[in-house]
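What follows is a single structure, written as structure tokens, with notes after it.
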Amino acid sequence: MSRDPGSVERCRLVVSGRVQGVGFRWFTREAAAATGVLGWVQNRPDGTVLCEAQGEPTALAVFVAALQRGPSHARVDDVAQRALAPDPAVDGFEIR
């Protein structure tokens, strides 16, 4: 992935539905690896999954589309997305 800040976007995603206890965070990490997206994912106490993702716009769009589908045992009701400023310090993708 290019490290040119002009070609990178970052967003915060809140995924709701049946997204905990179904391998959603591992699915998210695999989707990130497949698309070259950087960031992190974590479960929240309210049953949603929170994710911050950064990458080239096309890769980020493919990543978000994967999260909208989710793994086979998940039921994704909504993926709320908010743009963030790119962070040059982001490296890798982790499950928190």
Side-chain angles (χ1 to χ4, degrees):
M1 178 175 63
S2 169
R3 295 286 182 175
D4 173 17
S7 69
V8 172
E9 294 179 358
R10 183 169 161 236
C11 63
R12 174 169 284 180
L13 305 161
V14 178
V15 186
S16 59
R18 189 177 65 232
V19 293
Q20 290 191 17
V22 293
F24 199 92
R25 291 176 298 158
W26 286 266
F27 173 86
T28 301
R29 183 176 60 188
E30 290 173 11
T35 57
V37 167
L38 308 174
W40 53 265
V41 63
Q42 69 181 25
N43 284 340
R44 292 173 47 171
D46 66 0
T48 62
V49 170
L50 176 63
C51 176
E52 285 194 8
Q54 178 169 291
E56 295 175 348
T58 302
L60 204 53
V62 171
F63 173 78
V64 172
L67 268 56
Q68 291 170 331
R69 287 187 308 274
S72 60
H73 295 297
R75 185 194 74 243
V76 177
D77 293 336
D78 186 49
V79 179
Q81 185 173 349
R82 181 171 59 97
L84 300 172
D87 181 354
V90 173
D91 188 31
F93 195 93
E94 68 175 325
I95 295 175
R96 294 185 173 173

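The basis for the numbers below is simple: all heavy atoms, side chains too, and nothing from hydrogens, waters or symmetry mates.
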Please answer: with hydrophobic residues joined when any side-chain heavy atoms are less than 4.5 Å apart, are Val76 and Ile95 in the same cluster?
-> yes

With no hydrogens and no angle check, is any side-chain donor or acceptor of Gln54 less than 3.5 Å from a backbone partner on Leu60?
-> no

Gly39 backbone acceptor or donor facing Glu94 side chain under 3.5 Å = no

Non-hydrogen atoms of Arg44 and Gln20 that approach each other most closely | O-NE2, 2.8 Å

Might you point out which heavy atoms bring Asp46 and Thr48 nearest each other, and give the distance in Å?
-> OD1-OG1, 2.6 Å

Indicate the atoms forming the closest heavy-atom contact of Pro71 with Phe24, along with that distance.
-> CD-CD1, 3.4 Å

Distance-minimising heavy-atom pair for Phe63 and Ala53 = CE2-CB, 3.5 Å

Carefully, step by step, assess Cys11 and Leu84 under the rule side chain to side chain contact (heavy atoms under 4.5 Å, CB included).
-> CA-CA 5 Å; Cys11 63; Leu84 300 172; 5.6 Å; no

Taken to the nearest 0.5 Å, the spacing of Arg29 CZ from Trp26 CH2 works out to 7.5 Å

Please answer whether the main-chain N or O of Ala85 pairs with a side-chain N or O of Arg10 as donor and acceptor at a distance below 3.5 Å.
-> yes

Pairwise distance CG(Asp77) to OG(Ser16) - rounded to 0.5 angstrom | 5.5 Å

Which pair of non-hydrogen atoms, one from Pro57 and one from Glu9, has the smallest distance, and what is that distance?
-> CG-OE2, 3.5 Å

In Å and rounded to the nearest 0.5 Å, what is the CZ to CD distance from Arg12 to Glu52?
-> 4.0 Å

Main-chain N/O of Ala31 paired with Thr35 side-chain donor or acceptor, under 3.5 Å = yes

Taking a hydrophobic cluster as the set of Ile, Leu, Val, Met, Phe, Trp and Tyr residues connected by side-chain heavy atoms closer than 4.5 Å, whether directly or through intermediates, do Val79 and Val37 fall within one such cluster?
-> yes

Heavy-atom pair with the smallest gap, counting every atom of Phe93 and Cys51 = CZ-SG, 4.1 Å

Tested for side-chain contact (heavy atoms from CB on, under 4.5 Å) against Val49, the lone hit among Val41, Val14, Leu13, Val22 is Val41

